[in-house]
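Here is the structure we will look at, set down as structure tokens.
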Amino acid sequence: MPDTRIRTLILGAGAAGMMCAAHAGPGTLVVDHAGAPGEKIRISGGGRCNFTNLTTEPANFLSGNPHFCKSALSRYSPWDFLDLVGRHAIPWHEKTLGQLFCDRSAKDIIAMLRAEMDRAGADLWLRTEIGEIAHRDGRFHVALTREGRDCRVVADHLVLATGGKSIPKMGATGLAYRIAEDFGHKITETRPALVPLTFDAAQKAVFAGLAGSSVAARVRCNGAGFEEAVLFTHRGLSGPAILQISSYWREGDRIALCLRPDLDLVAHLRARKAEAGGKALATILGEVVPKALARHLVEDWGLSGNLADQSDAALRQLAERLEGWMLAPTSSEGYRTAEVTLGGVATDKINSATMGSRLVPGLYVIGEALDVTGWLGGYNFQWAWASGVAAGRAIAAA
Ligand SMILES: Cc1cc2nc3c(=O)[nH]c(=O)nc-3n(C[C@H](O)[C@H](O)[C@H](O)COP(=O)(O)OP(=O)(O)OC[C@H]3O[C@@H](n4cnc5c(N)ncnc54)[C@H](O)[C@@H]3O)c2cc1C
């Protein structure tokens with residue numbers, strides 16, 4: 001079979017790959033082993049896709065080089081993406097903290113990206129396996145198997161957009177790391193992030209008893225802190241605050257939970273003592289945290305009696321305990337449920353304005369494959385859009 005000669009080959013039809021294809025100019029082909037493009041977009045945000053965050057700043061990203069993401073993010077902002085969404089008449093709404101979601105379905109975003117690819121004249125090959133890649137005479141020679149048939153594509157530009165390792169069931173393979181490494185790039189340590197945390201058997205049994213309830217908390221670890229909901233599950237702790245802190249937590253670290261950071265707990269307990277001192281401590285605590293959690297904490301901390309029995313010092317101590325509940329996760333649920341992969345292709349040999357390799361002319365790395373990981377809340381898609389556009393524009397101009 002003769003070689004297919006194209007200008008740009010993009011590996012991965014996810015968020016970053018499709019966005020790049022819409023900007024890379026003529027002669028662009030996107031290949032993916034999945035049966036449909038943008039599968040992670042489809043399941044994201046509970047099916048409604050939290051497609052950006054209006055508060056996006058470089059500080060919302062973890063990377064070996066915290067400055068790396070600045071250029072691309074400033075050249076393609078959440079407002080630019082919102083403008084695109086508006087041009088496609090996709091209805092959306094803002095949730096808390098600047099998070100923008102589709103009103104109808106995440107499929108609107110996929111359809112929009114497909115339409116943008118079509119407008120740009122980009123081709124899409126699905127059910128396509130990626131084989132050997134060679135770089136000769138300034139071109140990339142890529143062996144592909146498309147729906148069972150072998151072929152070879154020769155391209156001037158090769159874009160690695162195959163994402164990270166999270167959710168292997170959805171087709172995540174870590175392929176970009178292997179290809180980038182073969183071309184001499186370093187890979188910073190990868191680990192599951194935005195992932196529920198798990199605990200030893202005793203703690204797990206406690207949380208299983210509380211499964212389904214959630215509490216407002218500020219969770220801290222390694223200098224980071226997030227104030228959102230914590231959810232108790234049969235496997236451990238989840239909810240936005242835990243997913244956020246999982247990106248900072250390392251094996252052996254403890255996490256500190258400040259329960260109900262929105263309340264002045266000492267003042268509240270004192271007021272309740274004056275109003276309802278005859279009530280059991282667990283009952284009063286059950287007014288500020290889930291009842292089952294209140295019962296557990298009172299028992300675990302060996303407390304008993306009515307509120308009226310507690311001295312002011314005891315109430316202060318109780319408030320301090322609620323504000324500094326220390327827990328020791330043993331692990332996380334891993335790539336099986338992690339929303340993203342922390343780490344990836346090291347940014348030191350990547351041009352931050354173009355996502356182009358400084359080692360191999362014509363090679364680009366975008367999206368989650370790079371060592372740039374966003375917080376929960378639409379930041380990861382914003383990075384996928386911004387890095388995809390950066391590479392696409394650079395390729396179009398090359
Ligand atoms: C459950 C879940 C919910 C999420 N919700 C949100 C959210 O609401 N907001 C947000 O900002 N982020 C969210 N994320 C994170 C977001 O989905 C990713 O950060 C984003 O999709 C990364 O884009 P990408 O294009 O780099 O990679 P991906 O979107 O993962 O795309 C990679 C593509 O490469 C293909 N591929 C992989 N390996 C190979 C291979 N060997 N051969 C051929 N093709 C291959 C895959 O099939 C895929 O189509 C969520 C993630 C998950 C898992």
Side-chain angles (χ1 to χ4, degrees), residues 9-21 30-53 56 60-62 78 81 92 95 97-102 106 109-110 113 124-131 133 142-146 159-179 192-196 238 240 243 247 333-342 344-345 355 364-389 391-392:
L9 176 62
I10 301 176
L11 307 183
M18 285 198 281
M19 195 62 167
C20 182
V30 188
V31 298
D32 200 299
H33 62 175
E39 279 293 87
K40 277 199 186 159
I41 300 175
R42 186 176 57 79
I43 60 155
S44 67
R48 291 248 162 87
C49 185
N50 178 193
F51 54 78
T52 192
N53 194 306
T56 301
N60 304 124
F61 295 84
L62 292 91
F81 192 77
W92 55 272
K95 265 200 181 171
L97 312 168
Q99 301 171 2
L100 304 193
F101 285 76
C102 295
I109 299 294
I110 302 173
L113 294 169
L124 172 64
W125 291 2
L126 296 169
R127 296 180 197 86
T128 301
E129 301 299 326
I130 299 157
I133 299 179
V142 183
L144 298 172
T145 307
R146 185 187 185 193
V159 183
L160 308 184
T162 53
K165 295 185 195 171
S166 20
I167 323 236
K169 253 193 181 168
M170 295 203 66
T173 58
L175 177 70
Y177 309 140
R178 292 199 290 281
I179 301 173
L194 300 185
V195 63
S238 186
L243 299 188
S247 299
E333 288 187 9
Y335 289 119
R336 190 177 60 80
T337 61
E339 284 201 11
V340 286
T341 304
L342 196 67
V345 177
M355 305 297 130
Y364 297 78
V365 191
I366 58 176
E368 200 180 314
L370 275 168
D371 173 23
V372 176
T373 307
W375 288 1
L376 187 77
Y379 302 104
N380 283 295
F381 278 137
Q382 187 56 36
W383 173 246
W385 316 138
S387 59
V389 168

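Numbering of residues begins at 1 and proceeds along the displayed sequence. Here the structure is a predicted model, which is why all the values come from computation and not from measurement. Both ligands and their constituent atoms are indexed starting at 1 by order of listing.
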Next item on the list: Taking all non-hydrogen atoms of both residues into account, name the closest pair between Tyr364 and Ala391 and its distance.
Entry: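 It is CD2-CB, 4.0 Å.
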
Check: Which heavy-atom pair separates Phe381 from Cys49 by the least distance, and what is that distance?
Finding: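 Closest approach of Phe381 to Cys49: CE1-SG, 3.6 Å.
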
Heavy atoms only, cut-off 4.0 Å: how does [X] contact ligand 1, side chain, backbone, both, or neither?
X	value
Ser166	neither
Asn50	both
Thr162	both
Ile167	side chain

Mark yes or no for whether [X], through its side chain, and [Y], through its backbone, hold a donor-acceptor pair below 3.5 Å.
X	Y	value
Asn53	Gly377	yes
Thr128	Leu126	yes
Trp92	Phe101	no
His33	Gly171	yes
Asp32	Gly12	no

So which heavy atom in the protein is nearest [atom], and how far is it from that ligand atom?
atom	value
atom 31 (O) of ligand 1	Gly14 CA, 3.3 Å
atom 48 (C) of ligand 1	Asp32 OD2, 3.3 Å
atom 1 (C) of ligand 1	Ile43 CD1, 3.4 Å
atom 43 (C) of ligand 1	His33 N, 3.2 Å
atom 23 (O) of ligand 1	Ala15 CB, 3.8 Å
atom 26 (O) of ligand 1	Glu368 N, 2.8 Å
atom 42 (N) of ligand 1	Ile130 CD1, 3.4 Å
atom 41 (N) of ligand 1	Thr173 OG1, 3.1 Å

Is there a polar contact, in the sense of an N or O pair closer than 3.5 Å, between [X] and ligand 1?
X	result
Gln382	no
Val340	no
Ala369	no
Ala16	yes
Phe381	yes

I'd like to check [X] versus [Y] (side-chain heavy atoms, cut-off strictly below 4.5 Å). Are they in contact?
X	Y	answer
Met18	Pro37	yes
Val389	Cys20	no
Arg336	Ile167	no
Leu11	Val159	no
Ser247	Leu194	yes
Phe61	Asp371	no
Thr341	Tyr177	yes

Give the numbers and elements of all ligand 1 atoms closer than 4.0 Å to a heavy atom of [X].
X	value
Gly12	33 (C), 34 (O)
Gly163	26 (O), 27 (O), 32 (C)
Asn380	11 (O), 12 (N), 19 (O)
Gly367	26 (O)
Gly45	5 (N), 8 (O)
Gly171	37 (C), 38 (N)
Gly378	9 (N), 10 (C), 11 (O)
Tyr379	11 (O)

Next item on the list: Tell me which one of Ala161, Ser44, Gly47, Gly17 gets a heavy atom nearest to atom 6 (C) of ligand 1.
Entry: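 Of the listed residues, Ser44 has the closest heavy atom.
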
Note to self: Judged on heavy-atom distance to atom 52 (C) of ligand 1, which of Met170, Glu339, Glu129 sits nearest?
What the structure shows: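 It is Glu339 that holds the nearest heavy atom.
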
Note to self: Between Phe81 and Phe51, is the ring centroid distance below 6.0 Å?
What the structure shows: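 Judged by ring-centre distance (under 6.0 Å), Phe81 and Phe51 do meet the cut-off.
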
Check: Between Thr52 and Gln382, is any side-chain donor less than 3.5 angstrom from a side-chain acceptor?
Finding: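 Looking only at side-chain atoms, Gln382 and Thr52 do form a donor-acceptor pair, the distance falling under 3.5 Å.
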
